[in-house]
Protein chains: 2
Amino acid sequence: MDEMYQRHAELCKVFASPTRLEIVDLLRSKELSVTALVEKTKMGQANISQHLAIMKYKGIVTSRRSGTNVYYALADSRIVAAFDIICEVLAKKRMIGA
Amino acid sequence: MDEMYQRHAELCKVFASPTRLEIVDLLRSKELSVTALVEKTKMGQANISQHLAIMKYKGIVTSRRSGTNVYYALADSRIVAAFDIICEVLAKKRMIGA
DNA sequence: GATAAATATTAGCGTATTCTAATATTCTTA
DNA sequence: TAAGAATATTAGAATACGCTAATATTTATC
């Protein structure tokens, strides 16, 4: 039971980084290569690779190789659902002014 | 746009701690005093108070004083929905064996 | 096989986080 | 107003995190 919260927290840590959230958002509808993610996020390549490695290890994304490119995609569509719920909560907070 | 991911991440950080997740879970159906939360989580009082302060600042919980007791409750029921979605994703991962 | 492009890995620095111990504050009751 | 219960705050240590720079690996093409 206690270990369950630990596992839950480990998974949530994935969403505790702005860069990883941006990656999730970019992958919500289609897979993208590392290069594409680097261009869109305007972050360093090593950094993006590290974040993708973390997300893959946590089971949030999958990867597939095609030539020299590696394409990443979300492993579970419910991730987007959770993402959007947090956005709703944020939007509500804005209105209240918190 | 970029700041949106920052704010989103700040909110998700609340769920990146096993102790805070346990607090959210304990508060899912009813408000509880700090003492009750300390007893149920078996963590130090200072620690629980700190976590509650973080969660209150982030707008995840509300508090109400009654005598010497302070009762905390979830501020938005959708928090539980997001919590449960992550649990579903975790359960699926268990089956796959990741 | 050498070269070039795409991606991954490693090391290290600065910062943030979580916990404990000690102390302070708030509120009730006598 | 003094004492005790509930809660909050502060300081400090150990650990974890996110980024950059440099280097290594993988794959395709010549």
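Naming: A, B, ... by sequence-line order, numbering from 1 per chain.
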With respect to the side chain of [X], which nucleotide from [options] is positioned closest?
X       : options              : result
A:Ala46 : D:dA8, D:dT20, C:dA6 : D:dT20
B:Arg20 : C:dT7, D:dA6, C:dT18 : C:dT18
B:Thr35 : D:dA28, C:dT7, D:dT7 : D:dT7

**Request:** Establish whether the base of C:dT10 is bridged to the side chain of A:Gln50 by a donor-acceptor pair shorter than 3.5 Å.
**Result:**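 Flag set: donor-acceptor pair detected.
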**Prompt:** Quick one: the side chain of A:Gln45 and the base of C:dA8, do they pair up donor-acceptor inside 3.5 Å?
**Reply:**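 Check passes, donor-acceptor contact within cut-off.
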Would you indicate, yes or no, if [N] has its OP1 or OP2 atom less than 4.0 angstrom from a side-chain nitrogen or oxygen of [X]?
X       : N      : value
B:Ser49 : D:dA8  : yes
B:Tyr72 : D:dA6  : no
A:Asn47 : D:dC19 : yes
B:His51 : C:dT17 : no
B:Arg65 : D:dA6  : no

May I have the distance from [X] (atom [atom1]) to [N] (atom [atom2]), rounded to whole angstrom?
X       : N      : atom1 : atom2 : value
A:Glu39 : C:dA5  : CD    : P     : 14 Å
A:Met43 : D:dC17 : CE    : P     : 17 Å
B:Ile48 : C:dA21 : CD1   : P     : 15 Å
B:Glu10 : C:dT15 : CD    : P     : 16 Å

**Asked** Can a salt bridge be assigned to the pair B:Arg7 and B:Glu10 using a cut-off of 4.0 Å between side-chain N and carboxylate O?
**Response**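 No salt bridge links B:Arg7 with B:Glu10.
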**Asked** Is the backbone of B:Ala36 close enough, under 3.5 Å, to the side chain of B:Ser33 for a donor and an acceptor to pair up by distance?
**Response**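 Confirmed, B:Ser33 side chain pairs with B:Ala36 backbone.
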**Item:** Candidate pair A:Phe83 and B:His8, rule ring pair (Phe, Tyr, Trp, His ring centres under 6.0 Å), full reasoning
**Value:** CA-CA 9 Å; A:Phe83 181 102; B:His8 194 147; 4.5 Å; yes
**Message:** Need one value for B:Asn69: base, sugar-phosphate or nothing, where a base atom within 4.0 Å counts as base even if backbone is also close, heavy atoms only.
**Reply:**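 Answer is sugar-phosphate: B:Asn69 comes under 4.0 Å of backbone atoms only.
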**Message:** Mind checking if A:Tyr71 touches a base, just sugar-phosphate, or nothing, with heavy atoms under 4.0 Å?
**Reply:** nothing
**Asked** Which residue, A:Ile54 or B:Leu52, contacts DNA chain D at a nucleotide closer to its 5' end, judged by nearest heavy atom?
**Response** B:Leu52
**Asked** Do B:Tyr72 and B:Ile23 have side chains that get closer than 4.5 Å, going by heavy atoms?
**Response** no
**Request:** Please examine the side chains of A:Arg28 and A:Asp84, heavy atoms only from C-beta on, and report whether any two atoms are closer than 4.5 Å.
**Result:** yes
